[in-house]
Each structure stands twice: as C-alpha cells, then as structure tokens.
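Worksheet for the structure shown next.
Residue indices begin at 1 and follow the sequence shown.
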Amino acid sequence: MKRVLVRYGELTLKGGNRQQFITKLIQNIKFRLKPYQEKTTLIRDHNSLIIEVADDFLERLISDLQTVFGIYSLSVIEKSTWDLKDLQAQVLKIVETNLHQAQTFKLEVKRIDKTYPLTSTEIKQFLAPLVLQTTTLKVDVHHPDLKVEVVVKKDQIDIFCSRIKALKGLPVGVSGKGLSLLSGGIDSPVASFLTMKRGMQVDFIHFMTPPHTSPEALDKVFKLASQIAKYNYQSFNLYVVDFAKMLQELNHIPDQSYKINIMRRMFVRIANKLAVSEGHQALITGESLGQVASQTIESITTVNLVSDLPILRPVIMNDKEDIIKIAKRINTYEISILPFDDVCSMFVPTNPVTKPRVWLAEKQEASLMWEPILDYIMASEIQKFHYHEGEFSQVVFNQA
Ligand code: ATP
Ligand code: MG
C-alpha cells in the first residue's frame with residue numbers, strides 16, 4: 001500500500017467558500033477514482049487529503065489526480081508516528097526507495113504541530129547522521145539530488161522526497177455552468193479547458209451546416225469534447241445545431257462583407273436561448289483579439305450586443321503560439337488540425353468587414369427573415385448528446 005498526499009493550494013485561501021470547495025474537490029476526485037475505488041481509501045486531514053492506494057495503482061492514481069483542477073501538488077509519502085525510532089526507520093526507507101543515482105541530499109523539517117518535543121534543528125541533527133551512516137549520500141543544501149522533507153503534524157509525521165506538480169485552478173463545479181461554442185479549431189477547446197480551470201462546468205454547442213460540412217467535421221467536435229472530458233465535470237452535454245437554413249438566409253445579406261459578423265450574432269442568439277433554458281450562466285468562445293477579421297474589438301462589440309449572458313473569452317489576449325502550446329499539452333491539437341472544415345472556415349467572404357458598425361449590422365439583419373428561421377432552429381434543429389463515463393448518448397430534446 002502507498003500513501004499519496006494531495007495539497008489543495010489556492011483553495012486554502014478562499015475563506016468562506018473553502019469548505020464548499022473542498023467538498024466539491026473531494027467529490028470530483030472520488031469520481032475520477034471510481035473505476036478502482038476499492039483499491040483506494042481517502043483520509044481527510046484539515047488542510048490536505050491523503051489517499052491510500054494499492055501499490056499497482058499508484059501510477060494510475062497519480063496520473064488521474066493530475067487531471068483534477070483544484071489540486072496544487074502531490075507527494076508519495078511515508079507516515080511515521082512521533083516516535084523517533086519509527087521516524088528514523090521511515091526516513092531511511094524513503095531515502096532507500098528514492099536513492100536511484102542520487103549523490104547528495106538535503107533534509108527539510110517543518111513543524112506544523114509546535115508541541116512536538118524536538119525543534120526542527122534538533123530533528124535534523126538527529127536524522128542527518130543516520131542518512132550519512134547508512135548511505136553514500138553527502139549533504140548539499142543548495143542543489144541536492146534528493147530533498148527529504150519531514151513534516152511534523154498532530155500525532156503523525158509525513159516524510160516525502162518530491163512534490164509532483166498538479167493542475168492547480170479551482171474544482172470544476174464551484175463556478176457554475178457555461179456553454180462553450182466549440183468549433184473544430186484549435187482555440188475553442190483551449191478556451192473550454194481554461195474555463196474548467198477556474199471551476200466552471202462546461203457544456204458545448206456546435207453549429208454545423210450539412211451538406212457543406214462533413215460528418216468528419218462533426219466527429220472532430222465529439223472527439224475534442226471527449227479529449228478534454230477528464231478535466232470537465234463528471235458528465236456534460238454537447239448540443240449540435242443544424243445551422244443550414246440560417247446560412248441559406250445569410251446569402252441574402254446585401255453587404256456580404258457582414259456575413260461572418262451576422263453569422264456570429266446568430267450563433268450567439270441561438271446559444272443564448274439554449275443557455276437560458278438549460279441553465280448555463282455564460283457563453284465561452286475561443287476568440288483572440290485581432291486574430292482574424294471577426295475578432296476585432298468592433299466585431300466583439302456587435303456580437304456582445306445580442307447576448308444577455310456574459311461571453312467569456314479565456315484566450316482573448318493570448319498569441320496563437322501560446323494557445324497552440326496549451327492545445328498540445330492537453331492533446332487537442334492533433335485533433336483540431338485534422339483537415340475537416342467547419343462552417344466558419346468555409347464561408348469566409350473575400351473581404352470580411354474588420355470594423356463592423358452596429359447600425360450597419362442591424363440594417364443587414366433587417367433585410368432578412370431571420371426570426372422565424374431562428375425559432376424553427378430552436379424548435380427542431382438541435383440535437384442533445386449526454387456524455388457520461390466515456391460515452392455519448394443522444395437525449396430526446398425538444399425545445400418546442
Ligand atoms: P477556433 O480555433 O476555436 O475554431 P478560430 O480562430 O478558428 O477559433 P473563428 O473560426 O473565427 O476562430 O471562431 C471564433 C470562435 O467562434 C471559436 O473559437 C468558437 O468559439 C466559435 N465558433 C466558430 N465556429 C463555430 C462553430 N461551427 N460551432 C460553434 N462555435 C463556433
Ligand atoms: Mg474556427
């Protein structure tokens with residue numbers, strides 16, 4: 001059996017919400033460990049969590065915990081009582097298991113419980129000679145190959161050799177629920193991931209325009225949502241909207257340079273209506289300021305005006321390069337660059353307006369019959385898919 005110490009990090013700072021955050025985090029952790037829950041035991045400490053796990057599941061446990069937002073870092077620990085003989089034995093044990101090629105070491109001692117009879121220095125003075133005698137290690141306080149940390153708590157002592165970085169952020173579910181506009185591109189999955197990082201549960205909406213967009217393009221969207229599922233809430237929904245009828249209508253826009261801008265306004269109108277009925281508190285997009293014509297501040301303004309809900313844009317100030325870096329880290333990049341285009345990439349007019357004006361956008365729309373089409377789409381062109389434990393299943397969904 002191994003013990004893993006889970007540190008909460010930022011959570012500890014959140015005052016009044018703290019208990020709620022920790023409860024949510026532990027729920028999320030339990031959900032991740034469900035497939036092998038009989039191999040694990042969770043022990044709550046007031047500032048951290050210890051998970052006992054069967055030896056064969058240690059590696060899996062650590063990689064699973066590294067997908068859970070709200071965890072700051074992890075350590076595989078040995079536990080000792082306050083008894084010095086026991087402490088000595090556990091320290092030597094952990095040094096031995098982590099020795100590998102190490103030539104130098106350093107001891108770090110922290111007393112959380114100040115009633116312990118020895119001071120930190122005295123504990124070091126007791127332990128260091130033991131390590132020097134039983135191994136070939138030498139002391140190096142500046143750049144040790146092996147750092148042994150000893151933390152004295154009430155009734156017990158934790159000993160560990162490394163702090164494994166985790167995702168940080170906040171537990172998904174503590175910041176409400178958002179609806180992310182997921183295209184097949186690089187940016188929107190990253191924006192969704194970053195939203196989850198701040199504790200928001202994310203559902204997805206995708207606009208397709210068959211027959212212009214292929215089944216493969218739609219498949220990409222399911223793949224992307226699945227790929228980031230492990231960071232998301234326990235289960236979530238993906239809504240697929242058939243936008244074809246509206247796109248047809250957009251061909252009648254007098255000034256075609258406004259087409260993408262109006263399309264965006266229609267996306268957002270539909271997403272708003274859906275969000276209100278499904279309980280989402282915000283929309284999320286992968287827009288980045290100035291990246292393309294439709295992402296200038298003027299475009300953003302004309303789009304925001306048709307949204308009652310706040311539109312969160314987590315990558316708004318990121319360069320493409322930085323977005324790609326995250327996309328690679330979360331393994332969405334390879335899916336996003338598959339060559340199946342979504343509606344946006346296919347219908348870019350030759351000269352999209354870069355600085356749309358609100359009144360001109362409104363004027364374009366006034367010459368369309370968009371309202372009944374929007375109602376029709378809301379009533380009968382939305383499919384809902386529910387993701388749970390690795391699979392999507394279609395849910396009966398009728399907005400009418
Ligand atoms: P991405 O890489 O996320 O596709 P992009 O740089 O290609 O972004 P656009 O195509 O201009 O940018 O889209 C901007 C944002 O609008 C996307 O990040 C996404 O949130 C939303 N969006 C675009 N097309 C669709 C679509 N077909 N379905 C749902 N949302 C979309
Ligand atoms: Mg795109």
Side-chain angles (χ1 to χ4, degrees), residues 179-185 188 203-222 237-278 280 283-287 292-295 299-309 311 340-353 356-385 397-400:
L179 183 61
S180 179
L181 282 75
L182 188 64
S183 65
S188 45
D203 283 346
F204 303 94
I205 181 170
H206 175 73
F207 297 91
M208 60 169 185
T209 51
H212 305 293
T213 53
S214 61
E216 286 88 349
L218 182 59
D219 187 50
K220 253 172 94 169
V221 174
F222 280 86
N237 299 311
L238 165 60
Y239 305 87
V240 177
V241 183
D242 186 337
F243 192 73
K245 287 215 166 49
M246 187 65 87
L247 194 66
Q248 244 166 20
E249 185 64 15
L250 298 188
N251 287 328
H252 304 303
I253 293 175
D255 180 351
Q256 281 290 303
S257 74
Y258 269 76
K259 188 167 167 185
I260 294 280
N261 189 242
I262 305 298
M263 181 163 83
R264 278 288 141 72
R265 282 162 60 100
M266 296 304 169
F267 281 2
V268 164
R269 284 186 175 110
I270 293 169
N272 256 270
K273 277 196 192 265
L274 184 73
V276 168
S277 70
E278 295 283 280
H280 301 99
L283 303 184
I284 300 131
T285 76
E287 288 161 299
V292 289
S294 59
Q295 301 179 18
S299 304
I300 288 173
T301 303
T302 56
V303 170
N304 276 7
L305 283 171
V306 299
S307 186
D308 293 328
L309 291 175
I311 302 177
F340 306 109
D341 282 341
D342 69 12
V343 44
C344 276
S345 10
M346 297 178 77
F347 290 92
V348 184
T350 36
N351 266 320
V353 59
R357 309 246 196 115
V358 176
W359 69 274
L360 275 173
E362 285 168 353
K363 193 174 146 196
Q364 306 304 313
E365 286 173 355
S367 61
L368 302 175
M369 290 283 289
W370 64 268
E371 280 112 331
I373 299 174
L374 195 137
D375 290 343
Y376 168 77
I377 289 177
M378 289 310 301
S380 37
E381 296 285 50
I382 303 181
Q383 290 172 282
K384 177 176 180 177
F385 298 87
F397 187 64
N398 190 353
Q399 288 278 294

Kindly indicate whether the side chain of E365, heavy atoms from C-beta on, has any atom under 4.5 Å from the side chain of M266.
yes
Over all atoms of both residues, closest heavy-atom pair of N251 and Q256
O-NE2, 3.3 Å
Please find the pair of heavy atoms, one from P210 and one from A244, that lie closest to each other, and give the distance.
O-CB, 3.5 Å
d(N304 CG, I311 CD1) to nearest 0.5 Å is 4.5 Å
Taking the side chain as every heavy atom from C-beta outward, state whether L368 and I253 have any atom pair closer than 4.5 Å.
yes
Plane angle bin for F243 and F267 - parallel if under 30°, tilted between 30 and 60°, otherwise perpendicular
perpendicular
Side chains of N272 and S307: any donor to acceptor distance under 3.5 Å?
yes
Atom NE2 in H252, atom NZ in K259: separation rounded to 0.5 Å?
10.5 Å
So, the side chain of S380 versus the backbone of I377: is there a donor-acceptor pair under 3.5 Å, distance only?
no
Can you tell me how far the CD atom of E362 sits from the CG atom of L305, to the nearest 0.5 Å?
7.5 Å
Value for NZ (K245) from OG1 (T209), rounded to nearest 0.5 Å, stands at 12.5 Å
Drop me the distance from N261's CG to S299's OG, to the nearest 0.5 angstrom.
5.5 Å
Min side-chain heavy-atom separation F207-L247 under 4.5 Å:
no
Look up atom CG in D203 and atom CD1 in I284, then write down how far apart they are to the nearest 0.5 Å.
9.0 Å
Any heavy-atom pair between the side chains of I373 and Q248 that's under 4.5 Å?
no
Measure the shortest side-chain to side-chain distance between Y239 and E278 over non-hydrogen atoms and say whether it is less than 4.5 angstrom.
yes
How close do R265 and T302 get, counting heavy atoms only, and between which atoms?
NH1-O, 2.8 Å
Indicate the atoms forming the closest heavy-atom contact of A361 with I262, along with that distance.
O-CD1, 3.5 Å
Tell me whether the guanidinium CZ or amine NZ of R269 lies under 6.0 angstrom from the six-membered ring centre of W370 and within 45° of its axis.
yes
For residues S294 and R264, is any side-chain donor paired with an opposing acceptor at under 3.5 Å?
yes
Side chains of K220 and H206: closer than 4.5 Å at any heavy-atom pair?
no
D242 side chain to E381 backbone, donor-acceptor under 3.5 Å:
no
Side-chain contact, heavy-atom cut-off 4.5 Å: R357 with Y258?
yes
Validation row: L179, L274 side chains within 4.5 angstrom (heavy atoms)
yes
Minimum heavy-atom separation for L283 and A275, please, with both atom names.
CD2-CB, 4.1 Å
State, to 0.1 Å, how close V221 and S183 come at their nearest heavy-atom pair, and which atoms those are.
CG2-O, 4.1 Å
